[in-house]
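Okay, so here's the structure we're looking at.
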Amino acid sequence: MKLCMIGTGYVGLVSGVCFADLGNDVICVDKDHDKITKLKKGIIPIYEPGLEELVKKNYKSKRLSFTSNISEAIKKSNIIFICVGTPTKKNSNAADLSQIFNVANEISKNIKSFKIIINKSTVPVTTGDDVEKIISKKVSKNLFSVVSNPEFLREGEAIRDFIYPDRIVIGTSNKKTNRVLKSLYTPLISKGAKYINTSRRGAELIKYASNAFLATKISFINEIANLCEKTNVNVEHISIGMGLDKRIGGRFLRAGPAYGGSCFPKDTRAIVDTGSKFKTNLSIIKTVIKSNKDRSKLLLNRVKKMLKNKIRNKKICFLGVTFKANTDDMRESSSLTMIPYLAKKNAKVFYYDPSGFKKEFKKFKNVFNASSIKDACKDSDLIIIHTEWNDFKLLNFKNLNKKKNFIIYDMRNILPNEKFKKGKVKYFRIGS
Ligand code: UGA
């Protein structure tokens, strides 16, 4: 099939490349000329394991192409995916849909034959109706069909999530469109993915409800972890004990720092905003947002306690600063709250992240990017394992830090607890 992806960010690029790899002709469009020039040279704008190889392979085989010419791309394609960003609006919790509506306008100027227009961006329920209205101002309704097809890709696992999804959700009441999309996804369905056809609004809401539910699960276990710490219980046993109940499920029950990233924080805020637009109080999600916001403060209080309230001039090392492992993404990472706080209290903060230097900390005179794990840990009073990169799992901290008494705060519970039971190193975890 002939597809185009409008917006070559995370969703558009990963989905476009994977569709090309399944044998479709895919044009990836972006108004950022520099990004397109780089992609043509095989330079990938985001960090995602396995993506570069797949881009190069499919570009070489000519199933994948890149352009900034949106009109040409639309004309040449039967299926158009809208994959632009829907960030939180400034001064409001609502999703900013201006990029979606701009693309809808562009599409409306370029339809000469029947097109399936798929919204893959995360958008509030009823946005598809608005997109349809914009396009129908210029184009007869029998020349296009607007569908919602949310994505459930996780950063760092995106390619595997695309190839082996739990489900494919298609929101359309148009039978012909549904048939075409089912055949587009047949290679994934035949590998076991469940295919669900629902209304367009239903598909839009499935995406938000899923992200809000996963955020709820994480906040739930984080609060249970707080109780575990007070009662000398290991939260990991609780996660296993709860997760084995099939009604609950074990995934997304890992306690840790506040959840972050480009999706959960933004989408929980946006669904609450949609709720109020439709006069519905989503009180559980509101509480989750608050619980997550309080979490960084709570962990910082623990840090203060570990250092006996003496933060000034303490050397604190952060291992990993991104919002999770296997990504270079800093968006809404809890390190963005914790590091500035400690820096303002005059600690010397050294961080090491496998994805490199972070411009977010440049403005702090006492925050330093270490070029190696060893440099970061050397002479630390406190080492905080903030992100669960494999690089940190087998470290011998006593060799890395010659200081006699130092503290490790393992916020991801990745080190074996027993290892520190006898020695001089004080080892703290989450939820035990
Ligand atoms: C999330 C969803 O998992 C995807 O299904 C969805 O497609 C995506 O948002 C999106 O809407 O685009 P992502 O933000 O890449 O994916 O990352 P997750 O792996 O979900 O992690 C989000 C945050 O939750 C991270 O800070 C992570 O450390 C935290 N987390 C996750 C936990 O603290 N505990 C867990 O058990 C799982």
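Whatever order the structure lists them in is the order used to number ligands and atoms, beginning at 1. Heavy atoms only: backbone and side chains are in, while hydrogens, waters and symmetry mates are out. Residue numbers count from 1 along this sequence. The structure displayed is predicted, hence computed values, not measured ones.
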Take Asn149 and Tyr185, measure what side chain to side chain contact (heavy atoms under 4.5 Å, CB included) needs, and give me the verdict at the end. CA-CA 11 Å; Asn149 169 216; Tyr185 279 109; 2.6 Å; yes
Sequence neighbours left out, what pairs pass side chain to side chain donor-acceptor pair (under 3.5 Å) with at least one residue falling in residues 408-417?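 Only Glu236-Asn413, Glu388-Arg412, Asp410-Tyr427 qualify under side chain to side chain donor-acceptor pair (under 3.5 Å).
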Quick one: list whatever passes ring pair (Phe, Tyr, Trp, His ring centres under 6.0 Å) with Phe318, sequence neighbours left out. none
Output side-chain donor-acceptor pairs under 3.5 Å for residues 270-277, partner residues at least two apart or in another chain, one line each.
| from | atom 1 | to | atom 2 | distance (Å) |
| --- | --- | --- | --- | --- |
| Thr274 | OG1 | Ala270 | O | 2.9 |
| Ser276 | OG | Asp273 | O | 2.9 |

Near ligand 1, which protein residues have a heavy atom under 4.0 Å away? Glu151, Phe152, Leu153, Arg154, Glu155, Lys207, Asn211, Ile218, Phe252, Leu253, Arg254, Tyr259, Gly260, Cys263, Phe264, Asp267, Phe323, Lys324, Arg412
Within 45° of the six-membered ring axis of Phe350 and under 6.0 Å from that ring's centre, is NZ or CZ of Lys315 located there? yes
Parallel, tilted or perpendicular, judged at 30° and 60°: which one describes the rings of Tyr59 and Phe66? tilted
